[in-house]
Amino acid sequence: MLSLMLGLLFYVAASLSIESEASATFDDLARSARQNIASRVQSYANLLRGAASLFRTSEHVSREQFHRYVENMALQQNFPGVMNLNYAQQLSEAQRPAFEAAMQRDYPPGRDGYPAFAIHPPEPRAQYCVLVYLEPIASAAEKYGHDIAARPLTGEALAQSRDSGRISNSGIPVPIEDRPQQTGMAMRLPVYRLGMPTDTVAQRRAAHQGYVGIGYDLATMARSALADMPVRNVRLTLFDIGTQAREPLDLPHTTRPIFDSTAAGLHAPWWQPGNSGKYLRSTMLIEHNGRVWQALFSVRKSDLYTRFDAFFPWLALLVGFCSAMLLYMLFHTLSSSRRRAIQMATGMTEELRASQIRLQLSHQKLRRLAAHADQIKEEERKRIAREIHDDLGQNLLVLRIDADMLASRTQRRHPRLNARARSTLEQIDATIKSVRQIINDLRPTVLDLGVNAAVEWQVAQFRLRTGIACEVSESHDDIYMSDQCATALFRILQESLNNISQHANASRVWVTLKKGSDTVSMSISDNGVGAAIDGRNKLGSFGLVGIEERIKLLGGTLFIESSPGAGMSVHVSVPLGADATIFPYEEDGRASA
């Protein structure tokens, strides 16, 4: 009974530990997905501001100019989820007849793929806000000529945007005919006439001429953020909770979401009665240009558990039961013969074992801490590189577009201003090049293309930097492995090439990358001065020690061939599914019990 109770205690402790770890992991994944959605929303806002700047550079922007501008933006490649970029003209009832006549005269049906122009709904109103430019037109041709201010709620949001100069967003999904699987959303930014002041509300109303806007598919944006999560079957539900919320609200079950990643009936959400024990959840807020979204992430606990996690509580139960039984049998055996002598020996042995275990645990904790620090460093590099690319890169791109447009417009009439604009454009290009170099130094984007491409790129950079001949030999098959393992191999190659350039005095280097049935091996050899094998243990030498630690944490092997005057070869091999969080470090020479 005692053994069974101890086994059950082990079972409960292991189950609670696994569930706690899974919950912490899911919270981290949810925060990452929230950051991805927020970054996409910010990139949409930057796209909108860039479009507004197009209208601030000229008193009249033609439909052809707007078409070329949108075409150069490459929306599908650079802004996933954005369906179109559009411009709506502000009109009064007195201006409507002349405006309709001018549009029908200047833009006949079929030109650039646009249908015949007509304002709809056709009923007369005091003010109109008519969609006149919409690119690509194929995304929503039926919206051409639509008065977006006809709906009172939308008109109120547009008026507030006009008076404040900020981006408007009603928070209401826009129905898309013939595409029920998409969830259309719109964002708009007011455009003011060139040269007119906009310091006060009255001045902004007088200078206002229309709105630039984007239409984007909320479903595509949200699902692309979920696709980056390593865990599948994560359910994301978005609610628009207004403009004033500063913390998550306790929403009624009947509240209708603006987006739900799971089709109705596929599986019950976490908030339904009887299901709270089966699901993990995480609730977060997302700022969306003056409005607040409440994001609810939920996932089955079983989707986060590995096979080992499901088996581990039962293993703990068995270990606890067997341990108690073995201890009882040992005690019974010891008590039956020469009790005093055996008790003394047992005490000394247990003390020695405890000291060894504490020492081993200390070594393992230090190595796990080093591995965790290295992983955090790589993740931080990746995050910083991504933020530089998404935020600073997009801003520089918009700035370059504005500078290029200024240079093009001043080429003939203002040569001195054109020269200054061209100089500014060159400075922006140099800054973009510097930003790209910083991103590559933090974490080369070529790693996302696979370990083969990363090795070739690093070798090419080594040739350019040092002038040393370097040959690459690799299998033609693409090698698929975890991001952590690919990063580790790339850093090992980086460290080895740095050692060669600094210490080897070599004239030729050979790099070999091979894929076996279940392993990946890499060799770096040079014809330099070589070194003693035990040189990596000397004080202050951390290059080879760092390589060795990376390999051991991945469950791989390291072999070094070197002698003075005969060059050096570093051979590493790791399993294809290697992961430092899966392969525990085992101390060499561990004392047996």
Side-chain angles (χ1 to χ4, degrees), residues 48 51-71 83-163 165 167-168 170 172 174-178 184-196 198 203-215:
L48 208 56
S53 66
L54 173 67
F55 288 86
R56 296 191 186 103
T57 59
S58 175
E59 294 183 358
H60 176 72
V61 176
S62 66
R63 194 163 77 188
E64 289 76 9
Q65 290 175 323
F66 190 76
H67 171 76
R68 288 194 299 270
Y69 175 82
V70 176
E71 187 177 36
M83 296 182 291
N84 59 67
L85 192 61
N86 54 73
Y87 172 69
Q89 180 69 43
Q90 184 74 32
L91 300 172
S92 65
E93 175 62 24
Q95 295 171 325
R96 173 176 176 172
F99 182 79
E100 281 188 306
M103 288 295 295
Q104 293 169 358
R105 180 189 67 246
D106 296 340
Y107 301 107
R111 182 176 177 180
D112 299 331
Y114 280 72
F117 179 79
I119 296 178
H120 56 90
E123 293 79 15
R125 290 174 291 279
Q127 294 291 329
Y128 301 84
C129 192
V130 183
L131 286 172
V132 294
Y133 299 162
L134 200 151
E135 297 291 340
I137 184 61
S139 64
E142 70 279 1
K143 297 295 183 180
Y144 180 55
H146 180 69
D147 179 13
I148 60 177
R151 298 174 63 185
L153 186 60
T154 304
E156 181 181 349
L158 291 175
Q160 292 177 356
S161 176
R162 175 200 62 198
D163 294 344
I167 294 175
S168 70
S170 66
I172 301 176
V174 179
I176 303 178
E177 297 180 4
D178 302 326
M185 296 289 286
M187 294 166 52
R188 301 199 176 277
L189 183 66
V191 175
Y192 303 102
R193 290 181 176 85
L194 183 65
M196 296 186 66
T198 57
Q203 290 175 343
R204 284 192 285 269
R205 290 180 178 178
H208 181 251
Q209 68 177 27
Y211 301 88
V212 290
I214 61 171

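- Side-chain atoms of H67 never come within 3.5 Å of backbone atoms of Y69 as a donor-acceptor pair (strictly under, hydrogens ignored).
- In this structure, the side chain of S58 does not engage the main chain of V61 through any donor-acceptor pair within 3.5 Å.
- Side-chain contact between Q90 and Y128 is absent, with no heavy atoms from C-beta onward closer than 4.5 Å.
- The backbone N or O of L153 lies less than 3.5 Å from no partner atom in the side chain of E156, so there is not a single donor-acceptor pair.
- Residue pairs meeting the salt bridge (charged side-chain N to carboxylate O under 4.0 Å, His left out) criterion with at least one partner in residues 90-109, sequence neighbours excluded, are R96-E100.
- The aromatic rings of Y87 and Y133 sit tilted relative to each other, their planes meeting at an angle between 30° and 60°.
- Residues satisfying the side chain to side chain donor-acceptor pair (under 3.5 Å) criterion with R56, sequence neighbours excluded, are absent altogether.
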- [ ] May I have the step-by-step check of salt bridge (Lys or Arg N to Asp or Glu O under 4.0 Å) for R111 and E64, ending in yes or no?
- [x] CA-CA 10 Å; R111 182 176 177 180; E64 289 76 9; 2.6 Å; yes
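- A donor-acceptor contact shorter than 3.5 Å is absent between the side chain of R151 and the backbone of D147.
- Remark: Y107 pairs with no residue by the side chain to side chain donor-acceptor pair (under 3.5 Å) rule, at least two apart or across chains.
- Residues Y144 and I137 come closest through the heavy atom pair CB-CD1, 4.4 Å.
- The closest side-chain donor-acceptor pair between Q89 and Q209, if any, does not fall under 3.5 angstrom.
- R188 places no side-chain N or O within donor-acceptor distance of the main-chain N or O of A186, the cut-off being under 3.5 Å.
- Not a single donor-acceptor pair under 3.5 Å links the side chain of Q104 to the backbone N or O of A101.
- Partners of A207 according to the side chain to side chain contact (heavy atoms under 4.5 Å, CB included) rule, which considers only residues two or more places apart in sequence or in another chain, are Y192, M196, T198.
- The heavy-atom pair separating L134 from A140 by the smallest distance is CD1-O, 3.8 Å.
- Residues N86 and I214 form no side-chain contact, since every pair of their non-hydrogen atoms from C-beta on lies 4.5 Å or further apart.
- In this structure, A118 has no side chain to side chain contact (heavy atoms under 4.5 Å, CB included) partners at least two apart in sequence or on a different chain.
- Under 3.5 Å, the side chains of E135 and Y114 contain a donor-acceptor pair of N or O atoms.
- Counting heavy atoms from C-beta on, the side chains of L91 and R125 never come closer than 4.5 Å.
- The OG atom of S168 lies 7.5 Å from the CD1 atom of I148; values are rounded to the nearest 0.5 Å.
- In plain terms, the two heavy atoms of L158 and Y211 that are nearest each other are O-OH, 2.8 Å.
- In terms of heavy-atom proximity, A149 sits nearest to C129 at CB-CB, 3.9 Å.
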- [ ] Determine, stepwise, if the pair R162 / R204 fulfils side-chain contact (heavy atoms from CB on, under 4.5 Å).
- [x] CA-CA 7 Å; R162 175 200 62 198; R204 284 192 285 269; 5.6 Å; no
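- Taking every heavy atom of both residues into account, A206 and R193 meet most closely at O-NH1, 3.5 Å.
- Tested against F55 for a side chain to side chain contact (heavy atoms under 4.5 Å, CB included), the candidates L194, L189, V212 yield a single pass: V212.
- M185 places none of its side-chain heavy atoms less than 4.5 Å from the side chain of M187.
- S161 approaches P190 most closely through the heavy-atom pair OG-CD, 3.1 Å.
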- [ ] Run the numbers on H120 and K143 for side-chain contact (heavy atoms from CB on, under 4.5 Å), then give the verdict.
- [x] CA-CA 9 Å; H120 56 90; K143 297 295 183 180; 5.9 Å; no
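- Residues passing the side chain to side chain donor-acceptor pair (under 3.5 Å) test with R68: none are found, sequence neighbours excluded.
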